[in-house]
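Please read the structure below before turning to the comments.
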Amino acid sequence: MGQPSGEPSSSGEPGAPAELQGNLLRHVLLALQFFTRIPLPARVARWVGYSPALMKASTAHFPAVGWLVGGVAALVLGLVVWGLAGMSAVPAHDAVWLLVALVAALLSTMATVLLTGAFHEDGLADVGDALGGSADRETALRIMKDSRLGTYGTITLLLVLLLKLCLLALLQVQGLVHAMLLVLAMHVLSRWTALLLPQWLPYVGGTPVAAGGTSKARSLLERLDRCTLWVSSLWALPAVLLVARVAGGAALLGVMVTLLLVVGGLGRFFRRRLGGITGDCMGATQQLAEVSGYLVLCLIMGAQP
């Protein structure tokens, strides 16, 4: 997931058992603090508090953040197209309309980057640098911690972002409202997909902050229980139904199979190369799952009469 965009407020009492009992809103707000650049009012931040236990509990609400980020992405996409060309579908043969679709895709992507502080894109670039730069595990992990962007990371990030922009433009051929709803759903489902990794792979990043280290991701990802998966799945379920309603059962099946293949393939790759996962691996998985979902939707919906 890259380095966190902002340190949550630390005014809460660490480790208090009451923190973990039924505080759904607190957990969601803490996830929002960690995974986005959205500032909380000081009074709210003090109420939310912070502790490693709270942070771990908030991980289950990663897909909930997807509803917010995806909602902004969809809204920007729709407003740009509506402002430039109206609400009708983009004709695939019309160069001007396709240019409008690309501009809308670009501004929508820029909005999500600003909202998250390029959190997941940073993870994707770090993974590209590390795994492209060395076949040695320890060297790869050391490269992954380097804040400097190298050749492999730059190429990886550019190619994935370019592919995303093209697919978002193509998705609008099916109709603007459909594209907006599917963008919303994929932001949620891609985050749910990333949370499957720590269910079967160990965390191999740095030492947690609580133990004097610098790794904030370890507090979130190490030894996640099944409850985390079930809670995240509840957040993802409406997105599953949304894809089925908008794109049809065949598209939903294609998307879900693809997401499982992506997380399975990346998980095996990370285990072979690194021995497990890091926060950057989670960010890379989210980005690749999102783009893969768009690709499958374009292929299946484009083939439908």
Side-chain angles (χ1 to χ4, degrees), residues 1-2 66 69-70 72-81 84-85 89-133 144 148-174 176 178-180 182-187 189-191 193-194 251 254-255 258-259 261-263 265-266 269 280-303:
M1 281 181 261
V69 177
V72 171
L75 182 62
V76 171
L77 188 76
L79 288 175
V80 172
V81 174
L84 294 178
V90 179
H93 61 276
D94 191 323
V96 175
W97 277 84
L98 287 178
L99 181 60
V100 169
L102 281 171
V103 171
L106 176 60
L107 292 176
S108 174
T109 302
M110 288 174 60
T112 63
V113 168
L114 290 173
L115 193 60
T116 63
F119 198 28
H120 314 303
E121 290 83 358
D122 175 69
L124 176 65
D126 286 344
V127 168
D129 267 338
L131 299 184
M144 201 174 289
R148 293 171 296 182
L149 185 61
T151 302
Y152 291 106
T154 301
I155 292 173
T156 300
L157 186 59
L158 284 176
L159 290 177
V160 172
L161 286 177
L162 283 172
L163 178 58
K164 181 188 292 188
L165 294 179
C166 293
L167 292 173
L168 287 175
L170 283 175
L171 202 58
Q172 295 172 60
V173 174
Q174 305 302 321
L176 179 58
H178 283 187
M180 292 169 63
L182 292 173
V183 165
L184 172 61
M186 284 313 307
H187 272 275
L189 292 176
S190 61
R191 285 164 170 80
T193 301
V255 166
T258 299
L259 294 181
L261 289 174
V262 166
V263 74
L266 287 175
F269 183 60
D280 289 324
C281 295
M282 296 285 288
T285 301
Q286 186 277 322
Q287 287 288 291
L288 294 174
E290 183 186 346
V291 171
S292 298
Y294 294 145
L295 177 60
V296 171
L297 286 169
C298 288
L299 288 173
I300 294 179
M301 295 177 70

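The residues of the chain are indexed from 1 along the displayed sequence.
T116 is listed as a side-chain neighbour of E121, based on a closest heavy-atom distance under 4.5 Å. Residues V183 and Y294 meet the side-chain proximity criterion, which asks for heavy atoms closer than 4.5 Å. At a threshold of 4.5 Å between non-hydrogen side-chain atoms, the residues R191 and V69 count as touching.
Summarising the geometry of V291 relative to L167, their closest heavy-atom pair is O-CD1, 3.5 Å, with the distance given to 0.1 Å. Here the closest heavy-atom approach between residue L176 and residue L77 is recorded as CD1-O, 4.2 Å. Of all non-hydrogen atoms in L102 and A169, the two that sit nearest each other are CD2-CB, 3.7 Å. Of all the heavy atoms in L171 and A179, the pair that sits closest is O-CB, 3.8 Å. The heavy-atom pair separating S292 from V262 by the smallest distance is OG-CG2, 3.6 Å. Nearest heavy-atom pair across A105 and L168 is CB-CB, 3.6 Å.
Sorted by first and then second residue, the salt bridge (charged side-chain N to carboxylate O under 4.0 Å, His left out) pairs involving residues 160-174 (not counting sequence neighbours) are K164-E290.
In this structure A125 satisfies the side-chain contact (heavy atoms from CB on, under 4.5 Å) test together with L149, L157, sequence neighbours excluded. With sequence neighbours left out, S190 forms a side chain to side chain donor-acceptor pair (under 3.5 Å) with Q286.
Rounded to the nearest 0.5 angstrom, Q172 CD and L98 CG are separated by 9.0 Å. The distance from atom SG of C298 to atom CG of L182, rounded to the nearest 0.5 Å, is 9.0 Å. Rounding to the nearest 0.5 Å gives a distance of 12.0 Å between CG of L297 and CG of L170. Taking OG1 of T258 as the start and CG of L189 as the end, the distance is 11.5 Å to the nearest 0.5 Å. Between the CZ atom in F119 and the CG atom in D280 there is a gap of 9.0 Å [rounded to 0.5 Å]. Taking OG1 of T285 as the reference point, atom CG of L259 lies at 11.0 Å (rounded to 0.5 Å).
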side-chain contact (heavy atoms from CB on, under 4.5 Å) between M110 and L107, intermediate numbers included: CA-CA 5 Å; M110 288 174 60; L107 292 176; 4.0 Å; yes

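Exactly one of L161, L124, D129 qualifies for a side-chain contact (heavy atoms from CB on, under 4.5 Å) with T156. That residue is L124.
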